[in-house]
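Sequential numbering from 1 along the given sequence is applied to the chain's residues. Every number for a ligand or one of its atoms is a count from 1 in the order of the listing. What's counted below: heavy atoms across the whole structure, side chains too, no hydrogens, waters or symmetry copies.
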Amino acid sequence: MSALQWATAFAPASVGNVAIGFDILGFAVDALGDRVSVSRSGQPGVRISAVSGIAGELPTDPAQNTAGRALLALHEALAPGCGFEMRIEKGIPLGSGLGGSAASAVGAVVAANALLGSPCEKLELLKFAMQGEAVASGSLHVDNISPSLFGGLVLTVGIDHPRVKRIPVPQGVCAVIVHPHMFLATRQARAILKREVPLSDFVWQTANLAGFISGCYTNDLDMIRASFEDVVIEPQRQALIPGFAAVRSAALAAGALGCSISGAGPTLFAWALEAQAQTVLAAMRAPLIAGGAAIDEWVVDLDREGARVVASG
Ligand code: HSE
């Protein structure tokens, strides 16, 4: 039995899909993230007492809120004998494609788990957090939840019984990320996707995912570069993001290993050698600025920690 009365967790942003791993591959971006505090309450159930930061209009009904739904799932499963009061501080812009809903859900369950004396392994927390992600996007997917929770580049296999594998990233490779200030709803970006994939695209995409993962394990930058191409989802979504084609071409011309949409967009990312990262960033930035977009930008290490408790008492 933990004596803690409250705990605060930081959960990082993430880039989902990583081009070729739709809904199953993602990496953590801890340059930004959400902070979630959970405290014991005498009232039963789960209550959200505050949402602050880059919050916009977020529901405070726990059943309608990503962090609330995740915390409800944990509360129902563990029956801790107390209620939970939660405060959410959003550091990830809504509708940015940087895994904001996943981070809130992950932060909630990591904080609550610490509060209760850490009864759950991360894999159990993953299942609770997935319930929250479903509120935001209308579907259960794990490519943001897993990296936000585990850190690094993560492959997740399975939904009911997920298996998580942290994939090594070759030394000296980093991510370049540009976020145009535009809201894009994940639901909308999922709704436009065709339900069927031509067999030839399925073969190509499968080869690219296998090539990408094997390239990561064998430090084969040429294989990573050759397979860093989404032939299924990106062609359908790129029209939602003004300037996408120009940004991708510029990144590749500047030496990026690959460039694609972060999650559902509109954020765009590239992988690049550290020595070329600033050149790639400048190349990606230029078409967006020329198109009149305001942007945020980051160059980040790919091997970063996942969610963690940052304060408790
Ligand atoms: N894999 C998801 C998608 C990530 O691309 O729709 C968005 O949260």
Side-chain angles (χ1 to χ4, degrees), residues 11-29 32-34 54 56 58 65-67 69-70 90-108 126 129-150 153-159 162 164 167 175 177 179-180 182-197 201 205-206 208-209 212-213 228-241 244 248 258-270 306-307:
S14 53
V15 167
N17 301 333
V18 198
I20 30 60
F22 182 64
D23 279 359
I24 59 172
L25 190 63
F27 63 84
V29 177
L32 67 170
D34 290 352
I54 319 172
L58 281 180
N65 178 290
T66 56
R69 181 71 77 87
K90 294 292 301 176
I92 304 170
L94 296 180
S96 62
L98 283 165
S101 54
S104 293
V106 166
L126 176 71
M130 281 163 61
Q131 302 303 317
E133 179 72 305
V135 178
S137 68
S139 70
L140 277 176
H141 56 89
V142 286
D143 51 324
N144 292 111
I145 294 278
S146 289
S148 183
L149 183 57
F150 288 86
L153 173 67
V154 181
L155 174 72
T156 311
V157 176
I159 292 286
V164 172
I167 310 288
I177 299 170
H179 164 231
M182 167 193 154
F183 177 89
L184 186 50
T186 300
R187 273 177 197 272
Q188 180 200 352
R190 294 182 80 82
I192 62 158
L193 298 176
K194 297 189 186 106
R195 300 292 109 185
E196 288 169 0
V197 176
D201 286 351
Q205 190 89 342
T206 309
N208 282 353
L209 177 59
F212 185 86
I213 300 286
F228 207 128
E229 186 179 6
D230 172 6
V231 299
V232 174
I233 306 297
E234 186 183 292
Q236 300 183 65
R237 281 182 168 169
Q238 57 179 289
L240 299 175
I241 305 168
F244 169 77
R248 183 169 185 272
C259 174
S260 188
I261 303 167
S262 172
T267 294
L268 306 172
F269 79 98

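For G16, the closest heavy-atom approach to ligand 1 does not fall below 4.0 Å.
Considering all non-hydrogen atoms of both residues, Q131 and L140 come closest at N-CD2, 4.3 Å.
The contact set between ligand 1 and F22, taken as ligand atoms under 4.0 Å from a residue heavy atom, comprises 3 (C), 5 (O), 6 (O). Each of the following atoms of ligand 1 lies closer than 4.0 Å to a heavy atom of N144: 4 (C), 7 (C), 8 (O). The distance from ligand 1 to the heavy atoms of T186 drops below 4.0 Å at these ligand atoms: 7 (C), 8 (O). Annotation for ligand 1: atoms under 4.0 Å from non-hydrogen atoms of N17 are 1 (N), 2 (C), 3 (C), 5 (O).
Annotation: side chain of F27 is not in contact with side chain of S14 (no heavy-atom distance under 4.5 Å). Put simply, the side chain of L193 reaches to within 4.5 Å of the side chain of F22, judged on heavy atoms.
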Next item on the list: Start with the C-alpha distance between R248 and E234, add both sets of side-chain angles, then the distance that settles side chain to side chain contact (heavy atoms under 4.5 Å, CB included), and finish with yes or no.
Entry: CA-CA 11 Å; R248 183 169 185 272; E234 186 183 292; 3.5 Å; yes
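Between the CG atom in L240 and the CG atom in L184 there is a gap of 5.5 Å [rounded to 0.5 Å].
The side chain of R237, and not its backbone, has at least one atom closer than 4.0 Å to an atom of ligand 1 (non-hydrogen atoms only; side chain from C-beta on). Contacts between I233 and ligand 1 below 4.0 angstrom, taking non-hydrogen atoms only, are absent altogether. Counting heavy atoms closer than 4.0 Å to ligand 1, residue D23 contributes atoms from both its backbone and its side chain.
Using modelled atom types and a 3.5 Å distance limit, the side chains of S262 and T267 yield no donor-acceptor pair. Donor-acceptor pairing under 3.5 Å is recorded for the side chains of S104 and D34.
When hydrogens are left out, the protein atom nearest atom 6 (O) of ligand 1 is R190 NH1, 2.6 Å; that is the closest non-hydrogen contact.
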